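Comments concern the structure below.
The shown structure was predicted, so the numbers you read here are calculated from the model rather than taken from an experiment. Side chains are part of it too, since the values below use all heavy atoms of this structure and drop only hydrogens, waters and symmetry mates. Per chain, numbering begins at 1; letters A, B, ... match sequence-line order.
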Amino acid sequence: MSYEAVIGLEVHAQLLTDSKIFCNCSTKFGSNPNSQVCPICLGMPGVLPKLNKRVVEFAVMLGLATNCRINKSSLFARKNYFYPDLPKGYQISQYELPICENGYIIIKVKGEEKRIGITRIHMEEDAGKLIHEGGASLVDLNRTGTPLLEIVSEPDLRTAEEAVAYLKELRQILLYLGICDGNMEEGSFRCDANVSVRKAGETRFGTKAELKNINSFRFIQRAIEYEIERQIDLIESGGRVVQETRLFDSSKGITISMRGKEEAHDYRYFPDPDLMPVSFDEGFVEEIKAKLPEIPYDKRRRFINEYNLPEYDVEIITTDRDIADFFEETARLFNNPKTISNFIMTEILKELNEKKIGIRDTKITASLLAKLLTLLNENKINTNGARAILPKVMESGRDPESFIEELGLAQISNEDEILKMIDEVLKENQKELQEYLSGKDKLFAFFVGQVMKKSRGKANPKLLNELIKKRLDELASK
Amino acid sequence: MPEINKDLVKYVAGLARLAFDETELEDFTNKFKNILNYVEKLGELNVEDVSPTYHPMPVNYAMREDIVKKSLDVERALLNAPDRKDDFFRVPKVVD
Amino acid sequence: MELKDLSLSKISELLDKKETTSREITEVFLKKIEEMDKKTNAFITVCYERAVDMADTADKRRAKGERGRFLGVPIAVKDNICTEDIKTTCASKILHNFIPPYSATVVEKLLQKGAVILGKTNMDEFAMGSSNETSYFGPVRNPWDLERIPGGSSGGSAVSVAGLESPASLGSDTGGSIRQPASLCGVVGLKPTYGRVSRFGLIAFGSSLDQIGPLTRNVRDCALLLEEIAGYDEKDSTSLPVEVPQYSSLLTGNIKGLKLGVPKEYFIEGMEEGVTKRIKEAIEVFKSLGAEIVDISLPHTDYGIAVYYLIATAEASSNLARFDGVKYGYRAEGLKDLKEMYIKTKKEGFGEEVKRRIMLGTFSLASGYYDAYYNRASKVRTLIKRDFEKAFEKVDAIICPTSPTTAFKLGEKTGDPIKMYLSDVFTINVNLAGVPAISIPCGFDEKNLPVGIQIIGDYLKEADIMNIAHAYEKAVSGFRFSPFI
């Protein structure tokens with residue numbers, strides 16, 4: 001009997017606003033406990049919420065980027081439950097009428113594109129943090145009121161791999177829009193997964209389990225795979241799946257039932273009387289639409305068509321929107337996209353990853369990179385030289401040409417000079433020369449290497465190759 | 001009208017984190033029954049096509065600019081705390 | 001200087017003429033509070049020292065030439081309105097020690113103008129009550145008859161005015177909590193249009209119903225106080241971005257040709273004869289002033305109490321969830337775990353009526369009951385609102401009794417919630433619709449207890465209803481607002 005899994009995901013994305021959703025406290029991460037709180041986010045008696053406009057803008061941005069219908073009037077509702085990290089005893093969220101509905105994003109798994117539906121996107125406030133310490137719990141309310149978007153997918157996902165592809169695509173969209181930093185470790189991008197299985201051909205859904213607390217793509221993949229397996233085994237052995245919340249234990253790689261540890265939920269949602277419906281006109285949406293950046297999916301397609309780049313390259317250089325922009329600016333100044341993408345992938349990304357910084361944190365510009373690649377193209381430097389100059393340019397923002405002299409990197413393209421070095425090398429390596437002449441062709445590269453070393457990497461490699469070949473051929477014919 | 005019995009009262013009390021002892025529960029269930037009995041009269045009206053009023057005076061939503069202002073001083077924030085440790089509010093342990 | 005003469009306008013006049021000082025006036029009232037409050041229990045907190053400091057500051061400002069209607073004028077504030085660094089309890093054990101780190105917008109406004117806060121007035125716990133008997137700090141007694149209740153929930157605010165313990169006070173009105181005690185104590189009380197006065201800092205009961213408003217000795221003082229506290233507040237998303245008229249300058253006293261509606265549904269069985277008589281006389285007075293009396297109907301009146309008790313309690317059940325013993329207020333002792341903290345804290349911290357309303361509200365919102373209770377009530381609320389909208393197409397204002405009875409005896413209705421809820425039958429629909437209404441004294445019943453008449457206006461027509469009230473007050477040359485004059 002074969003089975004099919006049905007997966008739906010709920011993502012909570014913390015928004016990169018300066019202030020909280022309903023008050024003016026800072027949203028900065030990692031401050032001293034309870035230092036970013038005010039009567040409003042503390043839920044003091046008598047306070048009232050006041051909505052941060054940027055949260056609405058960000059929600060509309062994401063809605064547009066995920067092809068949602070934007071509701072020009074939406075409602076805030078109270079979700080009532082008790083927990084010490086929830087100071088008002090309710091969370092302000094959206095229930096009946098969320099700001100965005102009925103969208104989709106396109107993912108690609110094993111070369112196949114698939115459209116994944118988005119049921120809704122709504123705005124809400126984050127809760128605080130609890131630290132369990134001995135016989136007590138400590139409450140820090142700094143995070144309380146940090147704006148969140150909850151993005152709920154349709155149950156369109158069928159494998160753990162698809163789920164991860166969806167999450168990566170969604171995260172990339174959020175990063176492109178600049179509305180969430182996507183940091184899973186710090187919890188600014190969190191995911192719950194609803195997983196059920198059914199027999200192949202069955203159209204009804206099976207009973208789902210909700211997986212919580214998964215904070216990396218790798219764990220999500222493992223948790224879902226484990227859960228699918230568990231449910232199939234359970235059914236095969238005559239058991240039944242129960243609807244419950246399960247936690248992923250990353251050290252054991254299994255999911256554990258929370259049954260009995262939580263009470264029946266009845267959140268008693270109702271429209272928040274402290275907040276009027278969130279209303280805006282078409283102009284508000286149009287303004288946001290005009291400023292909306294290209295979404296990753298569109299950018300990837302365009303890069304393939306416009307720059308004739310392989311899919312693999314495009315995948316890599318569009319991962320980060322700044323890199324993609326940098327590529328494109330450079331491509332306007334230097335007419336060989338493949339050379340640029342190669343250089344970005346092999347050299348620039350290596351530098352950035354080593355230093356754990358972004359391209360905008362360096363001083364290199366598109367025009368500086370174009371200059372550097374032109375120097376390479378015109379044989380004024382070789383790849384080694386370019387590699388040496390790159391970090392200098394990134395650090396200083398100076399003209400790459402100015403480093404040629406300074407680092408002594410000017411390429412030697414003078415034939416006599418190179419020939420002189422070749423002769424020296426051949427003289428110093430008589431044994432190898434004899435071996436070569438008696439047919440050990442492989443040693444050709446050895447001589448190239450030796451001459452390059454003698455030139456301290458500056459010999460024009462193309463010319464060097466030609467000249468060595470010529471000289472060796474001469475010797476062989478003697 | 002749903003049957004108002006002690007079980008329902010206990011269920012609702014659980015949601016609200018309230019508790020009543022037996023005698024209170026008796027009295028409460030009776031008063032609760034009377035009140036719900038009274039509000040039953042709303043059932044007389046046909047409200048199928050009536051939209052609910054959640055706000056008596058809906059006005060266009062005035063939103064706030066995304067500006068950070070000074071938070072409370074930690075000591076002011078914790079001034080009324082029934083229990084604290086360092087700069088945290090302290091509560092009894094959460095039992096699983 | 002006699003307390004009975006010290007109305008708001010008189011005080012500022014005396015201060016302007018330098019015939020007295022804020023300190024002198026403040027001390028006179030503080031002394032009266034000290035003497036009266038043993039009997040009335042109108043105050044939870046009296047700011048003996050702080051009030052004198054504030055008065056001194058005001059006197060200094062005046063000495064430098066500064067002037068202002070409220071500069072140095074003392075006032076009492078209901079104890080559900082937050083006052084920075086002054087204990088604010090909501091008359092509940094659960095907040096018995098709460099010191100707000102901020103002030104309500106209305107308080108901030110008054111403080112900026114140099115008003116002096118005499119103290120915080122007693123009330124029904126969390127403003128839930130119509131008799132002021134649910135206060136954790138004990139019931140408030142009506143100065144007209146100490147065996148009787150003053151009405152509620154702003155009982156302390158009304159009594160502070162009627163007992164000459166303050167020249168004026170702020171109350172809050174969710175279902176009649178300003179107008180009903182005003183009526184039962186013989187003073188003026190106004191509930192503004194929903195959104196007219198900022199709710200920021202008012203400890204919420206029913207958020208879509210609550211409004212802060214003045215309780216005063218006369219209509220002119222009411223206008224003066226309202227124009228000070230009204231207006232748009234960026235901290236309150238439900239506050240109306242509408243300019244505030246200078247109400248006190250609009251009291252012409254001319255109501256000739258105005259159409260006043262008298263709703264037939266407001267003369268019900270069980271209404272006391274003393275009340276009916278006074279209201280009928282008042283209607284005659286309006287006629288003599290040139291107003292046209294029109295019979296109208298507000299057909300859904302009878303559903304108001306049911307709607308109110310489902311909506312207000314639903315909102316309250318959520319609003320009061322925050323009193324959990326974590327951040328402020330009371331926390332039970334000897335707790336073994338978190339769950340016990342919630343249950344014991346709420347059990348010990350809330351009074352019976354509050355618990356009853358949290359239960360009703362929780363039920364009204366619970367899954368499976370929401371549609372039949374909370375949401376159905378919200379729909380009937382629309383019908384009630386439409387009743388008023390239709391009425392105001394025909395009339396300029398509506399006149400009716402404020403309360404079906406005059407002040408009743410302590411304990412008379414405490415055993416029967418429904419009977420108690422019915423005290424609000426004439427005031428509740430006004431909150432559901434969100435329209436403004438004022439209660440003014442219109443004489444006394446056979447027990448010599450004050451009777452109040454209510455004037456209800458269309459949205460934002462506070463100026464109109466105060467002018468109608470002022471015309472009446474002038475015509476009858478005012479009734480005694482205190483038993484001590």
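Taking 4.5 Å as the limit, every side-chain heavy atom of A:V139 sits out of range of all side-chain heavy atoms of B:R90. Side chains of A:I131 and B:F88 form a contact here, defined as non-hydrogen atoms less than 4.5 Å apart. No side-chain heavy atom of B:R64 sits less than 4.5 Å from a side-chain heavy atom of A:L51. Residues B:E65 and A:K53 are in side-chain contact: their nearest non-hydrogen atoms beyond the backbone lie under 4.5 Å apart. Between B:F89 and A:D140 there is no side-chain heavy-atom pair separated by less than 4.5 Å.
Both the backbone and the side chain of A:L138 come within contact range of chain B, with heavy atoms under 4.5 Å apart. For A:P33, the parts sitting under 4.5 Å from any heavy atom of chain B are the backbone and the side chain alike. Proximity to chain B (any heavy atom under 4.5 Å) is restricted, for A:D272, to the backbone atoms N, CA, C and O. For B:A81, no part lies under 4.5 angstrom from a heavy atom of chain A. With a 4.5 angstrom heavy-atom cutoff, A:V55 does not touch chain B via any of its atoms.
In this view, A:N183 and A:D181, A:E185, A:E186, A:S188 satisfy the side chain to side chain contact (heavy atoms under 4.5 Å, CB included) rule, not counting sequence neighbours. Listed by chain and number, the residues in a side chain to side chain contact (heavy atoms under 4.5 Å, CB included) with A:K291 amount to none (sequence neighbours excluded). A:D18 pairs by the side-chain hydrogen bond (donor to acceptor under 3.5 Å, both in side chains) definition with nothing, not counting sequence neighbours.
The one candidate from A:N52, A:T17, A:N24 that meets the side-chain hydrogen bond (donor to acceptor under 3.5 Å, both in side chains) condition with B:D66 is A:N52.
Look at A:E133 and B:K85 and you find a salt bridge, because one of the NZ, NE, NH1 or NH2 atoms lies within 4.0 Å of a carboxylate O, short of that distance.
Proximity to chain A at a heavy-atom threshold of 4.5 Å picks out B:I67, B:V68, B:K69, B:S71, B:L72, B:V74 from residues 67-74 of chain B, in numerical order.
Using modelled atom types, one finds a donor on one side chain and an acceptor on the other under 3.5 Å when comparing A:D266 with B:Y11.
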